[in-house]
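The structure displayed is predicted, hence computed values, not measured ones. For reference, positions follow the sequence shown, starting with 1.
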Amino acid sequence: MAKRKTPPKPALPAAKGPRKAPSWMGYATLVLIAVAVYANSLSNGFVTDDKLQLLGNPLVTDIHKLPQVFGSGVWSFLGYRGNYYRPVQFLLYALLYWVFGPHALGFHCFLVMLHAANTALVYALARRLFDRSMPAAAWISAAVFAVHPIHTEAVDWIAALPDVLLTTLSLAGLLAFVRQNGRPNRLQAAGHCGLYLLALLTKETGVMLLPLYAGCQWILQGKAAAAMRRGAGLYAGMATCLMIYLVLRIHALGALAPAQQAFLNLSPAALAMSAAVIAASYLVSLVWPAGLNFFHIFHATSQATPQLVLALAVLAAVAWVAFRQRVRRPMVAYGIFWIALTIAPALNLAGVGQNVFAERYLYLPSVGFVWLAGMAWAWLRTAAPPVAWPAAAAILLACSVAAMARNADWKDDFTLLQATLKQSPESGYLHNLMAGVWIERDQFRRALDEQQLAVRYEPRSVTFRKNLGNILLGMDAAAAAREFEMVTRLQPSLAEGHLDLGLADQALGDSARAAAEYERALALAPDYLDAVAALAQLDQTAGKTAESQALFRRAEAIRRRLADNAGATAPSSRRPQ
């Protein structure tokens, strides 16, 4: 008897895995986080440099002067020679000023949206560069970027617009480069060259975009030398853009870096040791962004110290990790490469401003750091799954709270300077700024106290002593004269100092000495309008009618000549700097 066959069991439906969220959800949540963290910055106003570079800059407020932007440095409108050539910054300022007028809200909205766009770009690049099995790690990287407290200076301060915009250009360019597998066609290569020139005109650090491209090819894509040579056309085009930029820069500034060593004059050894300490400090601030400060007082390192030894150990350890992981985990090596490359321009300590260590300089380098943070989280998720998400949530929450609290410090000059002086009470620069704030509030006694502290901490500062003299002039003419006399000793060739001393002498009733100082000022600057006018009024008071009339005619001729010469202004010391 034949065996009865058992009918086959019906196949069970395949188990459905967890439904994947659409990719746009990741972008949407990141943008919302970035905007939410900086929403309380929208009520902030203009602070410190914003009032000069933006509200007091005719290149921004007068649309007819826009053509002069490409021939001017950042401080050229004040007659200062500096190392910063950033025409795109002023073009954007002019556009935003035309749209929003002298209202800070529009400028802050633009910066917050730019930060949100950068967050989305960090996520897009991480999705491309990370292993396909790490989409959550890419999201964590971008979320850390969105809330990292080190970004508050760059996003809250309108004057830091170049740092935020340069990051947008760098991320957009690299994302396109990666999508093109490092082999753009001619039209695409032309686009990369145009973007490189735009980055250079945005901020000096833009020069690093070319090596960032090359590092992506070499480290991440493993391109051999032959493949790199096939991309020589792109790199040659970018190098040509660099040459064009250098020509424009030298034409605008008068030299490649005319203000080199304007604030610091360090020996080569001290420069190298100080740069090592600053570089390690930047790395520490990325990992532990505590004690955020608008003005970090710089102390040069001129000999071997425990701090230098520790800094060198940190830098050596990071370099060793990059070298060891270059083959096994190339993304780790590229993240470290990104940080090192984009921090490098800020280590020219003798070429940056008085605030050598600045948190805004970490906005672009932090991209490499958050990629490393995302990969570290992916490792934690494998090693200890129950801990990974709670740890990420706790870190993101703590960073968000810290960033939102820091945003409030940037409300206005008074709030920012109060917070900063608690951290850097020995900065003459900060006390000088605070004196200006008290003057705006008609609190001249408080202004005097702050200005005296500025001079105490930086007694050789001509600007601080001049400002102190200006405050004293209406209170104690003799004390003002002593300050102005010190100004003329510190900088004998400063015509303004002799004018100020003459005004103080005149207030003391010594017309002869006052006239002598006005004459000295005119010997140094024959077209000094204030000095001509002061001498004319003095002669008129003394009854020298012919002399005073001749001087008044001379002043009127100078005034007409200055009015005809667009952008030229007579020097004036009437307001503290």
Side-chain angles (χ1 to χ4, degrees), residues 118-119 121-131 134 137-138 140-145 148 150-151 154 163 166-167 170-171 173-175 177-178 182 205-223 228 272 275-289 308-348 357-380 382 395:
N118 288 338
T119 301
L121 286 169
V122 169
Y123 180 51
L125 253 176
R127 282 169 59 90
R128 284 271 177 176
L129 298 177
F130 284 11
D131 188 277
M134 298 168 60
I140 290 293
S141 292
V144 173
F145 184 88
H148 201 307
I150 204 69
H151 294 158
D163 296 270
L166 176 60
T167 303
S170 301
L171 290 170
L174 192 65
L175 179 60
F177 188 69
V178 170
T205 314
V207 72
M208 294 305 181
L209 188 55
L210 191 158
L212 284 175
Y213 277 30
C216 178
Q217 267 195 312
W218 190 269
I219 299 171
L220 292 182
Q221 298 176 343
K223 300 290 186 182
M228 293 285 288
V277 172
I278 293 291
S281 300
Y282 278 131
L283 294 178
V284 171
S285 294
L286 284 172
V287 177
W288 189 255
L308 175 62
V309 173
L310 183 59
L312 292 174
V314 169
L315 297 176
V318 172
W320 179 82
V321 170
F323 179 77
R324 287 294 302 269
Q325 299 295 331
R326 71 193 189 284
V327 175
R328 189 178 174 188
R329 295 185 181 88
M331 191 60 199
V332 172
Y334 188 65
I336 294 173
F337 176 77
W338 181 292
I339 296 170
L341 203 66
T342 52
I343 281 180
L347 299 181
N348 175 23
F357 181 98
E359 291 157 14
R360 63 188 177 277
Y361 295 160
L362 282 172
Y363 190 85
L364 178 58
S366 70
V367 172
F369 170 76
V370 299
W371 286 338
L372 296 176
M375 287 181 284
W377 179 84
W379 170 84
L380 179 63
T382 302
I395 291 172

Any non-hydrogen side-chain atom of [X] less than 4.5 Å from a side-chain atom of [Y]?
X: L364; Y: D163; value: no
X: L212; Y: T342; value: yes
X: M375; Y: R329; value: no
X: L286; Y: I339; value: yes
X: Y361; Y: I343; value: no
X: V321; Y: R324; value: no

Run the numbers on L315 and L283 for side chain to side chain contact (heavy atoms under 4.5 Å, CB included), then give the verdict.
-> CA-CA 9 Å; L315 297 176; L283 294 178; 3.7 Å; yes

Between [atom1] on residue [X] and [atom2] on residue [Y], distance to nearest 0.5 Å:
X: I278; Y: L347; atom1: CD1; atom2: CG; result: 8.0 Å
X: Y123; Y: L175; atom1: OH; atom2: CG; result: 13.0 Å
X: W377; Y: M134; atom1: CH2; atom2: CE; result: 9.0 Å
X: F177; Y: S170; atom1: CZ; atom2: OG; result: 13.5 Å
X: L174; Y: L129; atom1: CG; atom2: CG; result: 6.5 Å
X: Q325; Y: L372; atom1: CD; atom2: CG; result: 10.5 Å

Do you know the tightest heavy-atom contact between [X] and [Y]?
X: A276; Y: L308; result: CB-CD1, 4.2 Å
X: L341; Y: M208; result: O-CG, 3.4 Å
X: Y282; Y: A358; result: OH-N, 3.3 Å
X: G374; Y: S141; result: CA-OG, 3.2 Å
X: P289; Y: I150; result: CB-N, 4.3 Å
X: G182; Y: Q217; result: O-NE2, 3.0 Å

Any idea how W371 and Y334 line up, ring-wise: parallel (<30°), tilted (30 to 60°), or perpendicular (>60°)?
->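 Rings of W371 and Y334: parallel, as their planes differ by under 30°.
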
Do any N or O atoms from the side chain of T119 and from the backbone of A142 form a donor-acceptor pair under 3.5 angstrom?
->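 No; judged by distance alone, with no hydrogens or angles, the pair does not exist.
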
Under 3.5 Å, side chain of R326 to main-chain N/O of F323, donor-acceptor pair present?
->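 Yes.
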
For side chain to side chain contact (heavy atoms under 4.5 Å, CB included), just list the numbers for V287 and F369, CA-CA rounded to whole Å, side-chain angles, deciding distance to a tenth of an Å, and then say yes or no.
-> CA-CA 8 Å; V287 177; F369 170 76; 3.8 Å; yes

Show your reasoning for whether ring-ring contact (aromatic ring centres under 6.0 Å, His included) applies to F145 and Y363.
-> CA-CA 9 Å; F145 184 88; Y363 190 85; 5.3 Å; yes

